[in-house]
2 protein chains.
Amino acid sequence: MSAVEPTRPPEENSRRMELIRAAASLFRDQGYERTTVRDLGNAVGMQSGSLFYHFRTKEEILVAVMALGIASTTEQLAAALAQAAAPRDKLAALFRVHLNSLLGDNQAALEVMLYEWRSVSAAAKPALVVLRDRYEALWQQVLDDAAAAGMIKQDTRLLRRTLLGSLHWTVQWYRRDGELGVDEMAERMLQLVLFE
Amino acid sequence: MSAVEPTRPPEENSRRMELIRAAASLFRDQGYERTTVRDLGNAVGMQSGSLFYHFRTKEEILVAVMALGIASTTEQLAAALAQAAAPRDKLAALFRVHLNSLLGDNQAALEVMLYEWRSVSAAAKPALVVLRDRYEALWQQVLDDAAAAGMIKQDTRLLRRTLLGSLHWTVQWYRRDGELGVDEMAERMLQLVLFE
DNA sequence: GTCTATATAGTGATAGAC
DNA sequence: GTCTATCACTATATAGAC
């Protein structure tokens, strides 16, 4: 499988990345504050003290989870947009990529980024904000193009914020065992914003 | 001012309510987990041990904050809907009441209800869910009427969830010191969903 | 109803052996 | 790179005086 993801850095398969992924699930399920370093060690089969060989603090783990969540989502969105030609298809990509990154299998990191923001220290925020702004800039561009094509409302800056809010909040009510699939829901949410 | 709110229970002015309001602010600003009982006592000028005369556990305070947040918002919405006649005015009331309850002065309780849900024990959730469902039922009725009148899209159940998500998320980006007032923003967000 | 004092348990992080 | 052992601290909650 090594040839499948040739562009990823080598740390992808390291112990450190294994820890980040385990932390993402725990932080999502229990919250950052309620997850102890003992929980984290347990999840990867090591003692809590050993974690601090890989990370200096618990917060450093949180930041790594968040950076992974937003960066990998941005990567996926950029790839999807590159493949889509029509404005309608680019719009659809926004919804589809975001919801899959949030609600899909083994996708916990983006949710942590969105919902544990308060636990990030002031020192660590700027770097994450840069990543988030990069993601939202992709959104803004697609929305502006769609508005120019007369497909959606013109108030695109507020529209971007309301749409992202709608999508972010799905984690609070979406049930994976329900009738509605993620891609299907992405399409229906897109329909709500299109003129026709 | 006692005649202004004649229907409120007597506990409104009690020490208990004072504590609930202080807790709402602290939980909103720092999060429930990061707020200690010492913080809470400090905020109302008492020792941490004294809190437990009024509440059995810290979680009981959280639940009281949430119940206040959702119940008082429901009350305000019901009152606003009773005064609005046209479907357009009822729609506007949904946005206006919700945003003011979330972003207005001294309005912390609803935000706590929305963002600290994970810290509520399974035993305490059902009672809060009843209150939340009552609030959302008001929304659903107004949206159904507006859709029947041809003012908004027909997929009103998903629309309710996306709109509430949009509104909930405003706390993450809205700046009270910015240019945009709460009522003005409510109107613009309404515009985004109206056919014309 | 509030205080002081404290029980009980858990937390993040460190030091040094291996 | 991981383990064992533990430090230093903080948390919620309780007991009994006032």
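In what follows, every chain begins at residue 1, and chains take the letters A, B, ... in the order their sequences are listed.
Classification of B:R188 and A:D155 as a salt-bridged pair holds, one side-chain N sitting under 4.0 Å from a carboxylate O.
Counting to the nearest Å, the P atom of D:dA11 and the CG atom of B:N42 are 12 Å from each other. At whole-Å resolution of the value, CZ in A:R38 and P in D:dA5 are 14 Å apart. In this structure, A:E60 places its CD atom 13 Å from C1' of C:dA13, rounding to the nearest Å. The CG atom of B:L51 sits 16 Å away from the C1' atom of D:dA15 (whole-angstrom rounding). Atom CZ of B:R16 and atom P of C:dG1 are 12 Å apart (whole Å). Separating the CG atom of A:L40 from the C1' atom of C:dT11 is a distance of 13 Å, rounded to the nearest angstrom. Between B:E33 atom CD and C:dG10 atom P the separation is 15 Å, expressed in whole Å. In this entry the distance linking CZ of A:F52 with P of D:dA5 reads 19 Å, nearest Å.
A donor atom on one side chain and an acceptor atom on the other are not found under 3.5 Å apart for B:E59 and B:S119. Side chains of B:E187 and B:Q191: a donor-acceptor N/O pair is present below 3.5 angstrom, by distance only.
The phosphate of C:dG12 has neither OP1 nor OP2 within less than 4.0 Å of any side-chain N or O from A:R56. Of the side-chain N and O atoms in B:Y53, one or more sit less than 4.0 angstrom from OP1 or OP2 of C:dG1.
Comparing D:dT12, D:dC3, C:dG12 by their closest approach to the side chain of A:Q47 singles out D:dC3. Distances from the side chain of B:K58 to the nucleotides D:dC3, C:dG12, D:dT12 place D:dT12 closest. Nearest nucleotide to the side chain of B:S50, out of D:dA13, C:dA13, C:dT2: C:dT2. Closest contact between the side chain of A:V37 and the listed nucleotides D:dT2, C:dG12, D:dA11 involves C:dG12.
Of all the heavy atoms in B:Y135 and B:L164, the pair that sits closest is CE2-CD2, 4.3 Å.
With the nearest nucleotide of DNA chain C identified for both A:G49 and A:D39, A:D39 has the one nearer the 5' end.
A 4.5 Å side-chain heavy-atom check between A:V37 and A:I61 finds every atom pair outside the cut-off.
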